[in-house]
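Numbers restart at 1 for each chain; the letters A, B, ... are given by sequence-line order, proteins then strands.
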2 protein chains.
Amino acid sequence: MSTSSHLARKGDALFSKTEKVNAELFTMTYGAIVAQLVNDLNDVTAVNEALEKMGYNIGIRICDEFLAKSTLATCTSLQETAQIIAKVAFKMFLGVAASVSDWSEDQKEFSLELKSNPLEDFVEIPESHAGLRYCNMLCGIIRGAMEMIQLRVECSIIQDALIGEDATVIRVCLKEVLHQTVLQDDEL
Amino acid sequence: MSTSSHLARKGDALFSKTEKVNAELFTMTYGAIVAQLVNDLNDVTAVNEALEKMGYNIGIRICDEFLAKSTLATCTSLQETAQIIAKVAFKMFLGVAASVSDWSEDQKEFSLELKSNPLEDFVEIPESHAGLRYCNMLCGIIRGAMEMIQLRVECSIIQDALIGEDATVIRVCLKEVLHQTVLQDDEL
């Protein structure tokens, strides 16, 4: 298994090589989506679901790009997969790494903590929308990308820096290891 | 007036200093907005308008950031403003510069040509949505940002690489120089 610092270097290298755009433009564009959904759906639960689904559709596409560019060996455990998501994938796409913590006893659940999160810059949630999971797109991206490597997970935001908490924390729960019908033994 | 190569260097320098995210993540996130709008509004003209309006709201915010970070001298002509948008602002935010061409005789209209456009990667417009101006958010951003420097313009996509044309071309038409009530003589 690769060490955390090795993965961090890998994430840095991949991010430096990738095509990039200004983070602020991305932040504002994402903010515009959330605003559009809030206006259209007028219900925070429905907005949270729409953001998650949007992320899922991105995740299933972005996973291929990640596997092709990262050229990492196949993961042999969920612990390793979690570290790669946190240190390599988050860094490669968002420009910031996450940290992994709080494993459940059965080793099927973990938390991804984001101390810094470009999606949340300049954002304030009005009290009238207190239940809004502004960054729920990230949960969907993780779910979609993990499904592509045969891991069915559920993700949810359990702490949110936008409502005054220290960091944004996403809880990832492994529900099922899917069977590969075509490429057996190719990936976990 | 600054030369084009001086502005290009300025654009490169600003882009290298700025916080960034992966262009593909941005592209897919923007694609998700367009898809959401197409589903919700089910009418390409309404989608084009919604994308333009979204861009306008981003433009009026992003202009401040641009003026603060670029520390360029006040423009003395529309020609200079056009070059700064093309070489500095496009580069700083999208990571790609545009070129200015096709000035009208009265010098109030010009075209911005984008040979490369991260918004359009992996995008295909189905024939059923032939009138969709996929990148119309860019028109709105330019209109919003120029309004902040007292130039009321109308912008439209007059050529679209997505429908097989050589490049994406945005036509910018100056309609009015607005009066500044607070900071007279501060900016054109």
Side-chain angles (χ1 to χ4, degrees), chain A residues 11 14-41 47 50-66 68-69 89-96 116-119 121-122 135 137-138 140-141 144-145, chain B residues 11 14-41 47 50-66 68-69 89-96 116-119 121-122 135 137-138 140-141 144-145:
Chain A
L14 284 166
F15 186 62
S16 74
K17 276 192 289 189
T18 198
E19 296 284 313
K20 291 182 273 286
V21 299
N22 188 301
E24 192 174 359
L25 178 64
F26 174 67
T27 304
M28 288 190 183
T29 304
Y30 184 71
I33 302 183
V34 180
Q36 178 80 33
L37 289 170
V38 166
N39 277 336
D40 287 356
L41 303 173
V47 174
L51 289 171
E52 206 273 348
K53 194 174 160 202
M54 232 178 64
Y56 175 80
N57 289 325
I58 294 173
I60 57 178
R61 293 177 63 186
I62 229 168
C63 185
D64 273 347
E65 162 88 1
F66 178 71
K69 294 223 169 120
F90 266 82
K91 180 71 193 183
M92 176 173 163
F93 289 107
L94 272 188
V96 292
S116 157
N117 178 356
L119 285 180
D121 288 338
F122 335 106
C135 293
M137 182 177 81
L138 296 180
I141 292 178
Chain B
L14 284 166
F15 186 62
S16 75
K17 276 192 289 188
T18 196
E19 296 283 315
K20 290 182 274 289
V21 299
N22 187 300
E24 192 174 359
L25 178 63
F26 174 67
T27 305
M28 290 191 182
T29 304
Y30 183 71
I33 303 184
V34 180
Q36 178 80 32
L37 288 170
V38 167
N39 276 336
D40 286 357
L41 303 173
V47 173
L51 288 171
E52 206 274 348
K53 194 173 161 204
M54 231 177 64
Y56 175 81
N57 289 326
I58 293 173
I60 57 179
R61 294 177 64 186
I62 230 168
C63 185
D64 272 346
E65 164 87 2
F66 178 72
K69 294 222 169 123
F90 265 82
K91 179 72 192 183
M92 176 172 164
F93 289 108
L94 272 188
V96 291
S116 156
N117 177 357
L119 284 181
D121 288 337
F122 335 105
C135 293
M137 182 177 81
L138 295 180
I141 291 178

task = Measure the spacing between CG of A/L25 and CD of B/E65 and express it to the nearest 0.5 Å.
result = 10.5 Å
key: Residues of residues 51-60 of chain B with any heavy atom under 4.5 Å of a heavy atom in chain A   = B/M54, B/I58
Option that, when pairs with chain A are counted at under 4.5 Å, heavy atom only, ranks first among B/A32, B/P118, B/A50, B/A23 = B/A23
remark   = Per-residue tally against chain A (heavy atom, under 4.5 Å) across B/T18, B/V96, B/L14 peaks at B/T18
query = Is it the backbone or the side chain of A/F15 that comes under 4.5 Å from a heavy atom of chain B, or both, or neither?
reply = side chain
message = Please enumerate all residues that pass side-chain contact (heavy atoms from CB on, under 4.5 Å) together with A/Q36, with sequence neighbours excluded.
response = A/D40, B/L37
ask   = Do you know which of B/E19, B/K20, B/M92 makes side chain to side chain contact (heavy atoms under 4.5 Å, CB included) with A/N22?
value = B/M92
